[in-house]
Amino acid sequence: MQPELPHYSLVAVDDFKPYNRRKLTHAKYLASRGINPEQAALYLSEIKFTLREEAKSLLYDFGMINEQEGYEVRSKLFPTRGYKKTTVGGKGISVILAKNSSHKIRNWYTATWKAFYSIMDFLTFETTGDSEIVTYNFIVIHGDVMIHKVAEYLNTLPVGSIHHYCHLDTNGNGQRAMLDLMRETPGWKHGDMSWQYNEFKDAHAQFESGLKTGSRERAPIVSKHPKI
């Protein structure tokens with residue numbers, strides 16, 4: 001059987017520029033969801049790609065690079081339905097190491113890991129996080145189906161501690177993915193942080209709820225006392 005061709009073809013990648021007049025739409029979208037576009041720009045890229053079936057139709061969206069050199073993208077493929085998730089190139093997890101921060105941590109692998117299951121949850125943490133944010137390692141999982149890839153990656157490292165911000169799906173898929181990762185990474189210390197937003201599906205939903213009610217109260221997702 002021939003492998004399936006990628007649905008999209010990557011054309012170009014550029015830095016995310018929040019105040020580029022031509023692409024201000026993306027910054028407006030992030031801001032409308034409470035995300036600081038300037039902070040988000042540190043982790044995002046502007047992506048130009050085409051549909052394989054319509055090579056002449058260029059799409060301009062934004063995304064986060066993954067470990068497969070592909071991009072996990074938020075795209076307006078269907079303008080009337082808002083931004084949707086898609087992948088351009090190979091699908092994978094995204095890893096942001098403390099050693100790549102301005103603090104240049106020597107033994108980066110000893111820093112606590114924080115596992116977020118979507119781009120928006122990670123960017124919420126970036127927007128609301130405390131001054132110690134650059135001392136963490138991060139994994140953005142981009143979907144529960146990628147949980148085994150996370151385990152493969154973590155098992156190449158010395159054991160450490162990881163805090164999970166899983167999705168509280170009604171079908172249990174988010175919690176199940178977190179438990180699968182715990183099971184597949186013996187020796188690691190795991191903290192479940194979902195108790196901090198247990199009335200919502202995820203940390204970002206709680207954060208957005210505060211914005212809608214006018215409280216502008218940040219999602220309390222920076223606690224150093226996870227449930228083990």
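Treat the numbers as computed from the prediction; the structure is a model and nothing was measured. Index from 1, following the sequence.
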Return yes if some donor-acceptor pair links the side-chain N/O of [X] with the main-chain N/O of [Y] below 3.5 Å, else return no.
X	Y	answer
Asp144	His167	no
Asn36	Glu38	yes
Glu72	Asn66	no
Asp180	His148	no

Between the side chains of Lys201 and Asp169, is the shortest nitrogen-to-carboxylate-oxygen separation below 4.0 Å, so that they form an ion pair?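 Salt bridge between Asp169 and Lys201, a charged N being under 4.0 Å from a carboxylate O: yes.
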
Salt bridge between Glu208 and Arg33, side-chain N to carboxylate O under 4.0 Å?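 Here Glu208 pairs with Arg33 in a salt bridge, since their nearest N and O are under 4.0 Å apart.
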
To the closest 0.5 Å, what do you measure between [atom1] ([X]) and [atom2] ([Y])?
X	Y	atom1	atom2	result
Arg74	Leu44	CZ	CG	9.5 Å
Ile162	Lys189	CD1	NZ	14.0 Å
Ile147	Lys149	CD1	NZ	13.0 Å
Ser118	Lys85	OG	NZ	5.5 Å
Phe62	Asp14	CZ	CG	15.0 Å
Tyr136	Thr112	OH	OG1	6.5 Å

Side-chain heavy atoms nearer than 4.5 Å, only ILVMFWY residues, links allowed to pass through others: does that put [X] and [Y] together?
X	Y	value
Tyr29	Phe16	yes
Phe200	Ile119	no
Tyr83	Leu24	no
Tyr8	Val13	yes
Leu51	Tyr71	yes

Under the criterion side-chain hydrogen bond (donor to acceptor under 3.5 Å, both in side chains), which of Asp121, Thr127, Thr124 is the partner of His204?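 So the option named by the test is Thr124.
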
Kindly indicate whether the side chain of [X], heavy atoms from C-beta on, has any atom under 4.5 Å from the side chain of [Y].
X	Y	value
His142	Met64	yes
Ile139	Leu154	yes
Asn137	Val95	no
Asp202	Tyr117	no
Phe116	Ile141	no
Tyr165	Lys114	yes
Asp61	Thr86	no
Phe122	Ser94	no

Looking only at side chains, do Glu126 and Tyr43 share a donor and an acceptor under 3.5 Å apart?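 Yes.
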
Over all atoms of both residues, closest heavy-atom pair of [X] and [Y]:
X	Y	answer
Met178	Cys166	SD-SG, 3.9 Å
Ala27	Pro18	CB-O, 3.2 Å
Tyr197	Leu168	O-CD1, 4.0 Å
Ile35	Ala40	CG2-CB, 4.0 Å
Phe49	Ser75	CZ-OG, 3.9 Å

Going by salt bridge (charged side-chain N to carboxylate O under 4.0 Å, His left out), name the residues that satisfy it together with Arg176, two or more places apart in sequence or in a different chain.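 In terms of salt bridge (charged side-chain N to carboxylate O under 4.0 Å, His left out), with neighbours along the sequence ignored, Arg176 is linked to no residue.
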
Thr185: which residues meet the side chain to side chain donor-acceptor pair (under 3.5 Å) condition with it, sequence neighbours left out?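 Only His190 meet the side chain to side chain donor-acceptor pair (under 3.5 Å) criterion with Thr185.
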
